[in-house]
Each structure stands twice: as C-alpha cells, then as structure tokens.
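A short write-up of the structure that comes next.
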Amino acid sequence: MMKMPEEEIQELLANQNDYLEAGIHIATKMRSPGMKRFVYKVRDDGLYLLDLKTIDTRVRLAASMIAAYNPKDVVVTASRIYAIVAAEKFAELIGARFMKGRVTPGVFTNPNRGDFMEPKLIVISDSRNEKQAVNEASKVNMPIVALSDTDNSTKFIDLVIPSNNRGRKSLAFIYFLLAREVLKSRGTIKGNEEFTHRMEEFEAKVEAKQIRQETA
C-alpha cells in the first residue's frame, strides 16, 4: 500500500483510504512515454500504480481551470459505459455540455455543420477512446483536460489528470471530486459539507452483459 507523510495526507482532497478503495491509482500494464512521470511504482503483477499526491494535485488544478470558464463554454465527453454516467453527472452539476460516444468529425471545425459548436474547453474521459474529440479540439487550439491512464497518449493534452479511467468506482470518485472542487472554485459552495451529492450518484449501474462488452 502506498504510504505518504502525515502532513501530506492531511492536504488531500479526500481521505487516502477513499482514494485507494476507489482504485483510482491502479493503472494498466502498459505505459506511454508521456505518462512515465506520473507512475509511483510497478506492482509484482506488472500493473503500474499512479502517484496519489499527483492525482490529487491535478484534480485541484483541473477544477480551478474548469471553473475559470463560462459553464456553457465547457464540453465533457465520455464513450465507455462506466465513464458515461460519471461524466454526464459531472457535466450536469457544473452546467457544462455533455457529449456521449464518438465525437463527429467537423463538430468543432466545420461551421457548415448543423451540430457545429465552439466550446472553449473540453474535458476528455479517455484520450484513447475519444481520440477524435482530442483531434478536433487540437485543430482549433481548444484547451484539453483529460483523464489519462498509463497507456493513454498525452499528445495535445494541456492538463493530464493521471487516473484509472476504466474502473467504475474510480471514474465515479474522480468526477465526484471534480464536480465538488469546481463548485468550490466558483464560489457556488463554500465547503465540502455544502456538496450534498454522493459518489454513488456518479457510479454506473450496469448489467453483467454490459460489463462483458465494456471490458472486451
């Protein structure tokens, strides 16, 4: 188990055990060059572990960045089953636009499209699955915040939030934290106690068949 000095534990946005139980730090057995600096260690079974303190710091940075934009100018994308529920709840609470599934080519770059939009910031749930969204945003120099696992590319990403972006509880927990911290940064709420939503609201409830499809 990852240990941190007591003074650092006190600074975390959430209890260290909550982070660990959500599995937010448990990554994959593959690592892209851009994600090397976020790795804490490699487990005996070959799985990379992400640094909790860095995850916590990046959530803070992302929340401050997102809060600086008009909610109507922020778009959140998600394509995996577990991410969709968490990201949509997050978008709802901060007033952002949510895009489910694959982003259509030209949606940010072709003014002649009926669904054309010009957001000023995009939050990506998985830069590998949502590669088209990353490409579209990069073409118009739109800042990109992305949840990134160790096997994700960091190309074009302006702010990486290293995280397990496949796990049901991990995604629910990180979007729960992001929603709370964005609202605090905006001054909508003053403290954690005013955030009355529960992590379970961000957690996908799926059938076994869907789980098999998600992990295939």
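Numbers here are sequence positions counted from 1.
- In this structure Glu201 satisfies the salt bridge (charged side-chain N to carboxylate O under 4.0 Å, His left out) test together with Lys89, sequence neighbours excluded.
- Hydrophobic clustering (ILVMFWY, side-chain heavy atoms < 4.5 Å, transitive): Met35 and Tyr48 are in distinct clusters.
- Side-chain contact between Phe90 and Ile66 is present, with heavy atoms from C-beta onward closer than 4.5 Å.
- Closest non-hydrogen pair, Ala62 versus Ile161, comes out as CB-CD1, 3.5 Å.
- Between Lys53 and Glu11, some side-chain heavy-atom pair lies under the 4.5 Å cut-off.
- Looking at Glu130, its side chain does come within 3.5 Å of a backbone N or O of Ser79 through a donor-acceptor pair.
- The pair Arg60-Glu181 fails the salt-bridge criterion, with no side-chain N (NZ, NE, NH1 or NH2) lying under 4.0 Å from an Asp/Glu carboxylate O.
- Side chains of Val59 and Ile174 form a contact here, defined as non-hydrogen atoms less than 4.5 Å apart.
- Nearest heavy-atom pair, Glu136 versus Phe108, reported as atom, atom and distance to 0.1 Å: OE1-N, 3.3 Å.
- Distance CG/Leu159 to OG1/Thr154: 11.5 Å, rounded to 0.5 Å.
- Side-chain contact between Asp18 and Phe176 is absent, with no heavy-atom pair separated by less than 4.5 Å.
- When all heavy atoms of Ile124 and Ile122 are compared, the pair lying nearest together is CD1-CD1, 3.6 Å.
- Residues Val39 and Leu47 do not share a hydrophobic cluster, defined by chaining ILVMFWY side chains whose heavy atoms lie under 4.5 Å apart.
- Checked by atom type, the side-chain pair Tyr175/Ser125 shows a donor-acceptor distance below 3.5 Å.
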- prompt: Run the side chain to side chain contact (heavy atoms under 4.5 Å, CB included) check on Ser32 and Ser153 step by step: do they pass?
  reply: CA-CA 6 Å; Ser32 68; Ser153 169; 5.6 Å; no
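- In this structure the side chain of Arg43 reaches within 4.5 angstrom of the side chain of Ile26, judged on heavy atoms.
- A 4.5 Å side-chain heavy-atom check between Asn164 and Leu50 finds every atom pair outside the cut-off.
- For Arg186, there are no salt bridge (charged side-chain N to carboxylate O under 4.0 Å, His left out) partners at least two apart in sequence or on another chain.
- Within the 3.5 Å criterion, the main-chain N or O of Phe38 finds no donor-acceptor partner in the side chain of Asp51.
- Counting heavy-atom neighbours within 6.0 Å of Met30 CE, excluding the residue itself, gives a total of 12 or less.
- Closest heavy-atom contact between Tyr69 and Pro143: OH-CG, 3.6 Å.
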- request: Quick one: do Val42 and Arg31 satisfy side chain to side chain contact (heavy atoms under 4.5 Å, CB included)? Show the steps, please.
  value: CA-CA 11 Å; Val42 184; Arg31 190 203 69 208; over 6 Å; no
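- When all heavy atoms of Ser127 and Ile157 are compared, the closest pair comes out as CB-CD1, 4.3 Å.
- Two residues are said to be in side-chain contact when any heavy atoms from C-beta on lie closer than 4.5 Å; Asn165 and Leu171 meet this criterion.
- Counting heavy-atom neighbours within 6.0 Å of Asp45 CG, excluding the residue itself, gives a total above 12.
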- request: Walk me through it: do Leu13 and Tyr19 pass the test side chain to side chain contact (heavy atoms under 4.5 Å, CB included)?
  value: CA-CA 10 Å; Leu13 293 171; Tyr19 272 120; 4.0 Å; yes
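- The nearest pair of heavy atoms linking Ser170 to Ile24 is OG-CA, 3.3 Å.
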- prompt: Going through the distances and angles, do Leu178 and Phe202 end up as a side chain to side chain contact (heavy atoms under 4.5 Å, CB included)?
  reply: CA-CA 11 Å; Leu178 273 174; Phe202 295 76; over 6 Å; no
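- Using a 4.5 Å cut-off on side-chain heavy atoms (C-beta onward), Leu52 and Leu20 make contact.
- Between the side chains of Asn192 and Lys184, at least one donor N or O lies within less than 3.5 Å of an accepting N or O.
- For the side chain to side chain donor-acceptor pair (under 3.5 Å) condition, the pairs that include at least one residue of residues 140-150, sequence neighbours left out, are Thr28-Thr150, Asp149-Arg166.
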